[in-house]
Colleague: 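Pasting a structure below so you can have a look.
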Amino acid sequence: MNFEYQKLSLSHAMTASVDALVVLWPSQVLPDAKAVEPVSRLLAQAIAHGDFELKAGSVLSLYSQPGMATRHVVVSCSADNQPGQIRSAMLAAWAALKASKIKRLGVHFVGEAAAQDLQMALCTLADASYSYTTTLSKPKARSLKNVRVSATHESPELRQSVTHTQALVAGVELAKEWANRPANHATPTHLAHAAKSIAAGRHFKCEVLGPKEVAKLGMGAFMAVAQGAAEPLRFIVMRYNGAAPSQAPVVLVGKGITFDTGGISIKPAGEMDEMKYDMGGAASVLGVFKALGELKLAINVVGLIPATENMPDGLAVKPGDVVTSMSGQTIEILNTDAEGRLVLCDALTYAERFQPSAVIDIATLTGACVIALGAVRSGLFSSDDTLAAQLHQAGETSGDPCWRMPLDDDYADGLKSRFADVANVAGRAAGSVTAAKFLQRFTKSFAWAHLDIAGTAWRSGAAKGATGRPVGLLLQYLLNFAQANGAAKINTKPKALDALRTEVKSKSRAKGKA
Ligand code: BES
Ligand code: MN
Ligand code: ZN
């Protein structure tokens, strides 16, 4: 989808160049009954007659009114412009419009709008208008192609927010696409091809390791999960180099279980189909890289994806088997369904070689996290308070929130094993925490955070499907990281910048003379 920003008055927002217009109207702005433009007038009339109230949930649909160049205008009250209120206002407006085939939509903000408000409205619209089509024989193409956002004031922040949101939506939709694809259309090999094509441009590199290379690295835990699968494993290494090689990268590690049967500790049949999204972490890493390609941030990012199926088989790993991880630690695999932590631990050890500034793993890791936090917030685990605060803040800003969970050492007691250095499961209590405690053993040499997205990456029920989370949170974190580390964007016009430097130099020389 294509987004653009224009500074427009409400009357100018109604143009023939859009098929429909959504007007987001906050409660504290009262419509002018004497306005020349019809929307304010009609709204004032409706309020005067007691047929409309400026409160959350109120929607007024106007059609072919004199003086309206846009056929269909939907006024939706955004109350106090809180993120949740903008979201509901946009959803209500879209529901009122959905029947018509809209290619070009205007979204106009009445009153003061902030960058975050624009991002929330556009992301909501993108989410509501998305539908998965890849494996349908007669796919219906999405009609909505262009969105023109407008507000009454000019601001570089608003323009920048629209550009960022366009990249973000591209990333979110790529993540949704891969998480939604059935496992036979999203094998480790398919994921590796996707990674290669996303990382085809300038500033990117992508290397894909197969079973032989992974064996040579000694990734015994990852290989144990893959040994029951007929589909060969892939270890995907993506690199985005937007800054000098001396700048330490952020490493993102995405769990890439393309289907999780549970292995020999097999899962019950009901809803097992949903385990095709057990590569939601990997999909979010792909999504972030997609967005990075559009935003050209001046940072370095590494993406690591251990990808395999988790299958029961005559050769599959068995409960009680002991394997040696790449770190050298031995692991007693008491439950083959706790496979995410096994593929992640070797990827985390691999991350050491990048001397990263931070390592963030993203995984649909535990059902226990769904019980703890539901579908609202992802679980955030970190041994580094600064990194935890940054990720928490990025979640709030982007409307893709997470919640910090504890990592007290006492939680690791249940992971003790008589036959190996560590067991891969503890009891049922605090299951998302004990999983994180297992991972933490492999993160001693860098600042580390873990996002458990089992509850947030997927919607169950009638509207079942991938959400594209936490691409929003991760991208916001990287945007903030870029801002904190100097230049936010790659210098794409070296000549222009050189000219600028000479200018600055000659100015300072002139100053020196004076
Ligand atoms: N992929 C699952 C976690 C999961 C469950 C994600 C539900 C999304 C929805 C993971 O591999 C798993 O099976 N975890 C087990 C761990 C247990 C065996 C300690 C679980 O949560 O039951
Ligand atoms: Mn599992
Ligand atoms: Zn799993």
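No experiment lies behind these values; they were computed from the predicted model shown. One-based numbering, in listed order, for ligands and for the atoms of each.
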Colleague: Is a side-chain donor or acceptor of Lys276 paired with a backbone partner of Asn180 at a separation under 3.5 angstrom?
Modeller: yes
Colleague: Can you tell me which residue and heavy atom of the protein come closest to atom 8 (C) of ligand 1, and the distance to 0.1 Å?
Modeller: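 Sorting protein heavy atoms by distance from atom 8 (C) of ligand 1 puts Tyr277 OH, 3.2 Å first.
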Colleague: Quick one: nearest non-hydrogen protein atom to atom 19 (C) of ligand 1, plus distance?
Modeller: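 For atom 19 (C) of ligand 1, the nearest protein heavy atom comes out as Val425 CG1, 3.5 Å.
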Colleague: Tell me which one of Asn310, Val343, Leu365, Leu334 gets a heavy atom nearest to atom 10 (C) of ligand 1.
Modeller: Leu365
Colleague: Does the side chain of His164 pick up a donor-acceptor pair with the side chain of Ser161 at under 3.5 Å?
Modeller: no
Colleague: Please work out the angle at the Zn ion (ligand 3) defined by atom NZ of Lys255 on one side and atom OE2 of Glu339 on the other, rounded to 10°.
Modeller: 90°
Colleague: Numbering the atoms of ligand 1 from 1, which are under 4.0 Å from a heavy atom of Thr364?
Modeller: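 Ligand 1 atoms under the 4.0 Å threshold to Thr364: 1 (N), 2 (C), 3 (C), 6 (C).
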Colleague: Hey, does Trp458 sit under 4.0 Å from ligand 1 if you only count heavy atoms?
Modeller: no
Colleague: Can you tell me the N, O or S atom of Glu339 that's nearest the Mn ion (ligand 2)?
Modeller: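 Looking only at N, O and S atoms of Glu339, the one nearest the Mn ion (ligand 2) is named OE1.
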Colleague: Tell me which one of Asp384, Asp452, Asp385 satisfies salt bridge (charged side-chain N to carboxylate O under 4.0 Å, His left out) with Arg404.
Modeller: Asp385
Colleague: Please tell me whether Asn81 and Gln85 have a donor and an acceptor in their side chains that are separated by less than 3.5 angstrom.
Modeller: no
Colleague: Under 3.5 Å, N or O to N or O, is Arg341 touching ligand 1 that way?
Modeller: no
Colleague: So, the side chain of Asp313 versus the backbone of Leu315: is there a donor-acceptor pair under 3.5 Å, distance only?
Modeller: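 Side chain of Asp313 to backbone of Leu315, a donor-acceptor pair under 3.5 Å: yes, one is there.
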Colleague: Hey, does Arg428 sit under 4.0 Å from ligand 1 if you only count heavy atoms?
Modeller: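 The answer is no: ligand 1 sits nowhere under 4.0 Å from a heavy atom of Arg428.
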Colleague: Quick check on contacts: which atoms of ligand 1 are under 4.0 angstrom from a heavy atom of Glu339?
Modeller: 11 (O)
Colleague: Looking at side-chain heavy atoms only, is the closest gap between Val302 and Pro356 below 4.5 Å?
Modeller: no
Colleague: If you have a sec, work out which protein heavy atom is nearest atom 21 (O) of ligand 1 and how many Å separate them, to one decimal?
Modeller: Gly367 N, 2.7 Å
Colleague: Does Met279 approach ligand 1 within less than 4.0 angstrom via side chain, backbone, both or neither, non-hydrogen atoms only?
Modeller: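 Neither; nothing of Met279 gets under 4.0 Å from ligand 1.
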Colleague: Rounded to 10 degrees, what angle sits at the Mn ion (ligand 2) between Asp337 O and Asp260 OD2?
Modeller: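 The O/OD2 angle about the Mn ion (ligand 2) sits at 170°.
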Colleague: Donor-acceptor pair, Thr456 side chain versus Ala375 backbone, under 3.5 Å?
Modeller: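 No: the side chain of Thr456 does not pair with the backbone of Ala375.
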Colleague: From atom 18 (C) of ligand 1, work out which of Asn335, Thr336, Thr366, Ile371 has a heavy atom at the shortest distance.
Modeller: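 Among Asn335, Thr336, Thr366, Ile371, the closest heavy atom to atom 18 (C) of ligand 1 comes from Asn335.
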Colleague: When you draw lines from the Zn ion (ligand 3) to OD2 of Asp260 and to OD2 of Asp278, what angle lies between them, to the nearest 10°?
Modeller: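 It rounds to 90°.
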Colleague: Do Glu332 and Ser417 have a side chain donor and acceptor closer than 3.5 Å?
Modeller: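 There is such a pair (donor and acceptor under 3.5 Å, judged by atom type) between the side chains of Glu332 and Ser417.
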Colleague: Would you mind checking if Lys437 and Asp409 are paired as a salt bridge, meaning a charged N to carboxylate O distance below 4.0 Å?
Modeller: yes
Colleague: Answer yes or no for Met275: is there a heavy-atom contact with ligand 1 below 4.0 Å?
Modeller: yes
Colleague: Evaluate Thr349 against Ser327 for side chain to side chain donor-acceptor pair (under 3.5 Å), listing each step before the verdict.
Modeller: CA-CA 6 Å; Thr349 301; Ser327 72; 4.6 Å; no
Colleague: For atom 12 (C) of ligand 1, grab the closest protein heavy atom and report residue, atom and distance to one decimal in Å.
Modeller: Asp337 O, 3.2 Å
Colleague: So which protein heavy atom does atom 2 (C) of ligand 1 come closest to, and at what separation?
Modeller: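 Residue, atom and distance for the closest contact: Asp260 OD2, 3.6 Å.
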Colleague: Between Arg353 and Tyr350, is NZ or CZ placed under 6.0 angstrom from the six-membered ring centre and within 45° of the ring axis?
Modeller: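 Yes.
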Colleague: Would you confirm whether Asn300, through its side chain, and Gln247, through its main-chain N or O, come within 3.5 Å as a donor-acceptor pair?
Modeller: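 Yes; at least one donor-acceptor contact below 3.5 Å.
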Colleague: With a cut-off of 4.0 Å, which atoms of ligand 1 are near a heavy atom of Lys255?
Modeller: 1 (N), 10 (C), 11 (O)
